[in-house]
Amino acid sequence: VLPRDIFAPRQNSAGVAFGERKALASFLAERDAAGPLDVTARCFWSGAKADAPQVIRSAVDGTAIGSVHALGAEAASALVGEAARHVRTAEAVPAATRAGWLRKAADLMEAREGLLMNLLAREAGKTVDDGIAEIREAVDFLRFYAAEAERLFAAPTFLPGPTGEENVLQYRSRGVAVCISPWNFPLAIFTGQVAAALAAGNVVIAKPAEQTPLIAAIAVGLLHEAGFPATSLYLAPGDGKAGAALVAHKATAAVAFTGSTETAFAINRALAARDAPIAPLIAETGGINAMIVDATALPEQVADDVVMSAFRSTGQRCSALRLLFVQEEVADAMVEMIAGAAAELTVGDPRDIATDMGPVIDAAQHTMLSEHLDRMGREQRIRFAGTLPEGLPAAGQWFAPHIVELDRAEALPGEVFGPILHVVRWKAGGLEAVCDAIERTGFGLTLGIHSRIDDVARLVRERLTVGNVYINRNMIGAIVGSQPFGGSGLSGTGPKAGGPNYVARFTREQVVSVNT
Ligand code: NAD
């Protein structure tokens, strides 16, 4: 029997009290004082032969906010060789010291909230709400994995055995851990992967997404400032080719990846093709996340939760709602109410406190969304098209919220990463068919259920093997330590980030049996 709280005592980050006008005003002033920005992202290893620096421009207005010295494939490969030289030194650092450094980094991150908020808005288009939530999550990961380092490494576990023999299980680091992250949570996911790999005593190479290297550079700088030596944590800015070179290197002993399912497949294949020791892969990927709403659900609550789940962060969350199944009897009224709530959303400069949705990350995403919408307009029925206010900076990739009604779930071709919600009707007695349709997507990340009938929620959640199920609430914003996050099937491998099994995946278990 597990104790009720299996984790060491912890406290999640408090964030900012929005209700207090004064606190908010001084918070925003501090944020704005942190600009204009000129951040450099480079590998801190002097031996790294980086490409010529490239300017990074704001996702909001196109102004220069820093530069990146990206690594090509060859330089990334050389970096793994360099990192491998320091594996023993990193492992020799006691877990309590590593935990102390992680906690110090959390404090530093909270202290630099203004700079981070500024950068999250300008490099990644994050709204004030989203920025605050993202910093909180990164801080929570640092503190949570610090406690996990202590829990796993503090003392060996004694196992039962015959008299005269002592059996001990202990955790050891793996060696070089490569962490590859996406642009949509450039601070929280980046920091979470890195913090867990460091907690386990590895030498870590952190490759941020090519769209967001600057926030990553600040995070790595804070971890170094907190105590982690430069030889235990390397920033590896670069594109997918650099990522592929890091994975392919023989000395890479573990890979944590968050991003698209396609890239996870590529990494899995690359690891399998290596003539090297078998390395574990943690893959956290996408989803065609569904919510099922039946006729007993509370309409106002559904509208609020759907709008939040589908459109917050401009729909650029892996957990976001993509496919809404509404029972026929209430479908028209429900869609109308959701459209009414979506029409209230303000698209605009994410630094403005009144903005609900910032830009999408880049022109490629905008093109993908526009093409998808064109196709839906030809083949299906657009139920709601939001409008963009006038005067938005031309350089931002603005995209209004949309709702599309599909004649069947299969009309959705795949994960559409942005603010487009798809709705499908279902008839009473058709719950099994809805579950079949969700299962056929092959994904299993998040699932929402809105119903006042307990048996409906029970049937659905027992039937589907989705990683995170949300009942009568929105389905985003998993909290570290309370809602460990991650899916199965095409959505990933687990173990869940922010959960009790995550750090252990970055370790090797060793059992020592002594004849006493
Ligand atoms: P992506 O797969 O294009 O890129 C992610 C990272 O992988 C980037 O750092 C990229 O440079 C790197 N990369 C690309 N090709 C590579 C290769 N061959 N080898 C090694 N690394 C390579 O994903 P994206 O567009 O940046 O992110 C969006 C996707 O991420 C969506 O599908 C979303 O659902 C998913 N996501 C999942 C989670 C989760 O926790 N499950 C969280 C956030 C985002």
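Start at 1 with the first residue, then count along the sequence. Indexing begins at 1, ligand by ligand and atom by atom, following the structure's order. Computed from heavy atoms alone, side chains included, the values below leave out hydrogens, waters and symmetry copies.
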TODO: Using heavy atoms and a cut-off under 4.0 Å, could you grab the residues that are in contact with ligand 1, chain by chain, numbers ascending?
DONE: Ile180, Ser181, Pro182, Trp183, Asn184, Ile189, Lys207, Pro208, Ala209, Glu210, Asp239, Gly240, Gly243, Ala244, Phe257, Thr258, Gly259, Ser260, Thr263, Ile267, Glu284, Thr285, Gly286, Cys318, Glu415, Phe417, Leu445, Phe485
Open item on the list: For the aromatic rings, using the six-membered ring if either is Trp, is the centroid distance between Trp101 and Phe228 under 6.0 Å?
Closed with: yes
TODO: Take Asp140 and Ser13, measure what side-chain hydrogen bond (donor to acceptor under 3.5 Å, both in side chains) needs, and give me the verdict at the end.
DONE: CA-CA 6 Å; Asp140 287 349; Ser13 166; 4.6 Å; no
TODO: Check whether the ring centres of Tyr502 and Phe144 lie less than 6.0 Å apart, and answer yes or no.
DONE: no
Task: Lys126 to Phe185 six-membered ring, cation-pi geometry met (6.0 Å, 45°) - done: yes
Open item on the list: Is there a side-chain contact between Gln316 and Phe417 in this structure, where contact means two heavy atoms from C-beta onward sitting under 4.5 Å apart?
Closed with: yes
TODO: Indicate, with yes or no, if the rings of His402 and His372 have centres closer together than 6.0 Å.
DONE: no
